[in-house]
Amino acid sequence: DIGAAGPEAVAIAQRVAGGLEAGGLEVLRGDRDLRPGEKFAGADLFGSPVRVTVGKKTLEDGGADVLRRSDRSEERVAVDALVDRAKEVL
């Protein structure tokens, strides 16, 4: 459930998705009622080049995770820098 991490995570995820879409990028939201691993597997099957994960644990650190599918590198990025960083790793 996209809301399982709480309203703050949902608001940030929506803001990031909106920023990416405004930049002309296609966004696949994890709004299906599945466990995170199932959502991640689905994103891999679709061939998503970048995955942005906003959740309770990442927000405790003040950011979200950005994973580049091509080399599986992952980094924690500050919330304010998410849209720009996601675009850069493409």
Side-chain angles (χ1 to χ4, degrees):
D1 177 7
I2 197 168
E8 180 185 12
V10 172
I12 291 169
Q14 290 173 338
R15 187 175 82 208
V16 170
L20 293 171
E21 289 171 335
L25 301 174
E26 186 176 343
V27 175
L28 175 66
R29 291 178 172 89
D31 57 359
R32 295 177 297 153
D33 190 20
L34 300 171
R35 294 186 313 254
E38 292 173 298
K39 293 177 188 183
F40 298 158
D44 285 344
L45 287 173
F46 279 112
S48 302
V50 175
R51 183 180 78 210
V52 177
T53 305
V54 179
K56 186 176 175 181
K57 290 180 184 178
T58 65
L59 291 176
E60 287 173 0
D61 289 341
D65 291 338
V66 177
L67 177 125
R68 184 182 324 189
R69 185 171 175 248
S70 62
D71 62 5
R72 304 302 291 175
S73 63
E74 189 170 22
E75 62 184 305
R76 181 96 8 122
V77 178
V79 170
D80 293 339
L82 275 172
V83 171
D84 290 335
R85 185 62 186 140
K87 288 179 183 178
E88 287 172 6
V89 299
L90 283 171

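All residue numbers refer to positions in the sequence shown, counting from 1.
In this structure, Asp65 does not pair ionically with Lys57, as no charged nitrogen and carboxylate oxygen lie closer than 4.0 Å.
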Practice item. Please lay out, stage by stage, how Leu82 and Arg15 fare under the test side chain to side chain contact (heavy atoms under 4.5 Å, CB included). Key: CA-CA 10 Å; Leu82 275 172; Arg15 187 175 82 208; over 6 Å; no
Practice item. Please report the C-alpha distance between Leu59 and Val79 in whole Å, then the side-chain angles of each, then the deciding distance to 0.1 Å, and finally whether the side chain to side chain contact (heavy atoms under 4.5 Å, CB included) criterion is met. Key: CA-CA 8 Å; Leu59 291 176; Val79 170; 4.0 Å; yes
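No continuous path of ILVMFWY side-chain contacts below 4.5 Å connects Leu67 to Leu90, so the two sit in separate hydrophobic clusters. Residues Phe40 and Val50 are members of separate hydrophobic clusters, defined by side-chain heavy-atom contacts under 4.5 angstrom among Ile, Leu, Val, Met, Phe, Trp and Tyr.
Rounding to the nearest 0.5 Å places OG1 of Thr58 at 8.0 Å from CD1 of Ile12. The distance from atom CZ of Arg76 to atom CZ of Arg85, rounded to the nearest 0.5 Å, is 14.5 Å. The distance from the CD atom of Glu21 to the CD atom of Glu26 is 9.0 Å, given to the nearest 0.5 Å. Interatomic distance, Leu28 CG to Arg51 CZ, rounded to the nearest 0.5 Å: 11.5 Å.
When all heavy atoms of Thr53 and Ala64 are compared, the pair lying nearest together is O-CB, 3.2 Å. When all heavy atoms of Leu34 and Lys39 are compared, the closest pair comes out as O-CE, 3.1 Å. When all heavy atoms of Val54 and Ala9 are compared, the closest pair comes out as CG1-O, 3.6 Å.
The neighbour count for Glu8 CD, taken as heavy atoms of other residues, nucleotides or ligands under 6.0 Å away, does not exceed 12.
Remark: Lys87 engages Leu20, Leu25, Val83 in a side-chain contact (heavy atoms from CB on, under 4.5 Å) (not counting sequence neighbours).
A donor-acceptor contact shorter than 3.5 Å links the side chain of Asp71 to the backbone of Ser73.
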